[in-house]
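One structure is given below, encoded as structure tokens.
This one's a predicted model, so the numbers in the text were calculated from it and none came from an experiment.
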2 protein chains.
Amino acid sequence: MVTLADVARHAGVSSSTVSYVLSGKRSISTPTRQRIEKAITDLGYHPNAGARALAGKRSHIIALVVPLHTEVYVPTMMEIAISVTVTARQYGYDVLLITNDEGPEGVRRVAASGLADGVILMDVRLDDDRLPALRAQGTPAALIGIPDDPSGLACVDHDFAAAGALCVDHLADLGHRDLAFVGYPPRVYQRHAGYAERTLNGFRRRAEQRGLRVLHRPCEGTYESTAGTLARILADRPGTTGFVVQNEGAVGPLLSLLRTTGRTVPEDASVVAICPDQLAEQYAPRLTAVTGPRKELGQVAVEQVLARIDAAAAGGAAPDDALLLLAPDLVVRESTAPAPRRVTTTEEPST
Amino acid sequence: MVTLADVARHAGVSSSTVSYVLSGKRSISTPTRQRIEKAITDLGYHPNAGARALAGKRSHIIALVVPLHTEVYVPTMMEIAISVTVTARQYGYDVLLITNDEGPEGVRRVAASGLADGVILMDVRLDDDRLPALRAQGTPAALIGIPDDPSGLACVDHDFAAAGALCVDHLADLGHRDLAFVGYPPRVYQRHAGYAERTLNGFRRRAEQRGLRVLHRPCEGTYESTAGTLARILADRPGTTGFVVQNEGAVGPLLSLLRTTGRTVPEDASVVAICPDQLAEQYAPRLTAVTGPRKELGQVAVEQVLARIDAAAAGGAAPDDALLLLAPDLVVRESTAPAPRRVTTTEEPST
DNA sequence: TTGTAGGCGTTATCAT
DNA sequence: ATGATAACGCCTACAA
């Protein structure tokens with residue numbers, strides 16, 4: 001193995017000089033720098049990570065904690081993980097993969113051992129049991145998702161309220177007056193899952209502002225439950241022409257059912273999904289959808305941890321907590337169109 | 001930070017004794033061990049990873065190199081990555097995530113710096129440019145996939161030949177006599193992608209053994225190309241009743257097209273897919289499918305690297321290369337049934 | 001069964 | 001602008 005000392009000898013300088021050309025923390029005369037750089041490539045020197053971590057008190061590693069048995073859409077998770085890794089590399093950091101089966105002990109372990117300088121948590125739940133460990137140890141961290149109590153922590157997430165509002169705006173602009181929101185199963189709302197509630201609030205608020213009538217219906221996401229949900233919606237508000245779906249399981253059934261019940265999408269009914277683009281493309285018709293920027297999520301998370309790592313190393317001044325909500329985008333595809341002219345807005349006064 | 005020395009002091013022993021109870025490389029009297037263990041938990045001691053790596057010449061980290069822009073089915077990749085991570089932990093190792101955009105330099109970097117003790121490569125191509133780097137440095141490694149020249153390397157993969165044979169057996173057992181294999185696009189075979197060729201060979205060989213007639217048709221996987229492929233198959237061999245599909249894109253179209261052309265699955269035609277179970281479940285009818293064990297892939301890969309890491313640490317005796325093919329499973333679902341009685345095996349001698 | 005001490009390769013603080 | 005040199009925390013012969 002080639003060491004710093006080898007390089008120094010080869011270049012005829014002291015090892016500290018070599019160290020300084022590597023770290024750039026000292027100005028070096030051009031000639032010696034060049035000699036050293038040549039020696040480095042000649043010998044094929046690679047700094048030893050362990051020694052660097054030990055002496056420098058930084059491992060240049062951040063831990064990424066990923067959910068194990070995930071209800072999340074896996075490709076999205078993967079995309080974030082990759083974006084985290086690539087971004088980290090740009091800052092000279094590597095990423096350690098931690099699976100959530102280690103629980104709170106996992107973050108404790110990597111932080112306490114100095115294996116990782118900081119931690120990024122994916123799939124953060126409202127009452128996340130890993131947060132106490134983080135707070136107790138003062139571990140630099142960034143959360144992807146927002147817990148009950150985000151105080152003192154950096155949180156990054158999609159702006160779900162904006163997503164809900166975006167759906168309303170699009171449908172309102174197309175002239176729809178009665179909207180239905182097909183959501184997650186009731187239990188998701190009962191446990192006050194952050195993203196679900198925030199989406200719904202954004203949706204309702206904007207609908208009110210724009211004077212639309214809305215219906216919210218939780219849905220299990222099976223074919224049968226979706227059928228029931230749709231039937232109730234149409235019974236309660238026969239004039240409903242705009243559908244917003246935030247429930248991956250319900251999308252397919254909903255499209256079939258609309259067709260089955262004689263409603264053509266998008267001529268008779270418009271559907272906006274809140275889901276990854278990749279998924280939206282899979283249906284026929286392809287869905288107009290609202291999506292959050294996944295790569296950026298990873299990038300911002302990395303930048304947040306790194307900022308906190310630097311702060312901890314510098315002063316130890318507790319950095320402000322941050323709550324970063326990333327604006328979603330709406331992509332128009334084939335499932336939305338202007339609202340049909342109203343033929344029967346209310347029941348016909350027959351006879 | 002609590003150090004080994006702190007623990008030693010607290011327990012009234014020397015630091016080497018503490019070190020030895022941790023590593024278990026020396027027998028310690030029960031009383032002192034207990035005193036030390038108590039001190040460890042009392043003080044909340046966690047061994048410093050950097051120091052351990054430096055002194056012990058092992059980082060206890062393995063690098064997992066994942067494809068960046070993947071054509072692979074992402075959930076499968078994720079499942080393997082998770083299984084690698086979990087398995088590694090069981091052996092006291094952590095996993096570093098390396099994205100393939102670093103190219104060969106990535107594996108060089110982590111190995112040369114001692115950041116990782118070994119490497120697992122996913123998505124190995126036939127002529128993989130990362131292999132020279134591995135061989136040159138003698139880095140302990142395991143490949144998931146099989147390259148052109150696997151000599152000196154540990155390779156783990158699905159037994160695709162067995163998968164192909166399994167499909168034949170299942171359809172033959174059901175009485176099908178004429179099979180068609182709907183494969184990947186021509187370019188995949190032209191570049192001699194290992195998995196594609198091996199599947200096809202296994203398929204053909206077994207079909208020959210069992211006296212079945214087979215057709216192989218590459219397919220782009222779009223709706224149009226699948227239509228063309230099916231048309232040609234039925235023109236060439238109207239009596240074809242068994243379909244084997246190894247092309248994720250073609251499955252959906254094929255099912256639609258069979259239906260469209262008046263063939264009910266499975267009554268008139270049977271379809272076996274070679275794909276992840278998760279995918280097979282998504283279609284209607286749910287597909288009989290052949291799948292390889294993904295978790296085991298990750299486990300075996302980890303065990304292979306670890307074995308090589310130990311070997312390298314011990315003697316440096318170049319360990320035998322290994323070629324481990326994991327047996328696939330066939331799960332019967334709704335897309336296969338006994339072959340229909342043959343009504344028109346050949347063209348009618350009309351007039 | 002336990003202790004002593006040198007060394008692992010870098011960083012960073014003093015000097016010069 | 002460059003050199004010595006003491007940490008950093010742990011491992012492991014070598015002693016006792």
May I ask you to test the [X]-[Y] pair for a side-chain heavy-atom distance under 4.5 Å?
| X | Y | value |
| --- | --- | --- |
| A:Ile28 | A:Glu37 | no |
| A:Asp149 | A:Arg135 | yes |
| B:Lys295 | B:Val84 | no |

Quiz item: Do A:Ser19 and A:Ser16 have side-chain N/O donor and acceptor atoms under 3.5 Å apart?
Solution: no

Quiz item: Have B:Ser151 and B:Asp321 got a donor and an acceptor in their side chains that come within less than 3.5 Å?
Solution: no

Would you kindly give the [atom1]-to-[atom2] distance between [X] and [N], to the nearest whole Å?
| X | N | atom1 | atom2 | answer |
| --- | --- | --- | --- | --- |
| A:Lys57 | D:dA7 | NZ | C1' | 8 Å |
| A:Arg52 | D:dA7 | CZ | C1' | 18 Å |
| A:Leu54 | D:dC10 | CG | P | 9 Å |
| B:Arg9 | D:dC10 | CZ | P | 12 Å |

Self-check item: Pairwise 5' ranking along DNA chain C for A:Met1 and B:Gly12, keeping only the more 5' one
Solution: B:Gly12

Over all strands shown, is [X] touching base, sugar-phosphate only, or nothing at heavy-atom distances under 4.0 angstrom?
| X | result |
| --- | --- |
| B:Leu4 | sugar-phosphate |
| B:Ser19 | base |
| B:Ile28 | sugar-phosphate |

If you compare every side-chain N and O of [X] against the phosphate oxygens of [N] (OP1, OP2), does one of them come in below 4.0 Å?
| X | N | answer |
| --- | --- | --- |
| B:Lys25 | D:dT12 | yes |
| A:Thr32 | D:dA1 | no |
| A:Thr17 | D:dT2 | no |

Quiz item: Per the side chain to side chain contact (heavy atoms under 4.5 Å, CB included) rule, which among A:Ile61, A:Val65, A:Val119, A:Leu64 passes with A:Leu96?
Solution: A:Ile61

Quiz prompt | Option passing side chain to side chain contact (heavy atoms under 4.5 Å, CB included) with A:Leu131 (candidates A:Leu143, A:Asp148, A:Val107) | solution = A:Leu143

Practice problem: Would you please name every residue forming a side chain to side chain donor-acceptor pair (under 3.5 Å) with A:Arg108, sequence neighbours left out? | Solution: A:Glu105

Practice problem: Could you check B:Val2 against A:Pro31 and say which one's nearest nucleotide on DNA chain D is further toward the 5' end? | Solution: A:Pro31

Self-check item: Partner set under side chain to side chain contact (heavy atoms under 4.5 Å, CB included) for B:Pro132, not counting sequence neighbours
Solution: none

Practice problem: Ignoring hydrogens and angles, tell me if any N or O in the side chain of B:Asp6 forms a donor-acceptor pair with the backbone of B:Thr3 under 3.5 Å. | Solution: yes

Self-check item: Side-chain (B:Asp117) to main-chain (B:Ser59) donor-acceptor, under 3.5 angstrom
Solution: yes

Self-check item: Qualifying residues under ring-ring contact (aromatic ring centres under 6.0 Å, His included), relative to A:His60, sequence neighbours excluded
Solution: A:Tyr93

Measure all distances between protein nitrogen or oxygen atoms and nitrogen or oxygen atoms of nucleotides 4-6 of chain D, and list the pairs falling under 3.5 Å.
residue : atom : partner : partner atom : Å
D:dA4   : N6   : A:Ser16 : OG           : 3.2

Quiz item: What are the 5'-most and 3'-most nucleotides of DNA chain C lying under 4.0 Å from any heavy atom of chain A?
Solution: C:dG9 to C:dC14

Quiz prompt | Stems where DNA chain C pairs, listed by first number, each of three or more Watson-Crick or G-U pairs under 3.5 Å | solution = C:1-16 with D:1-16

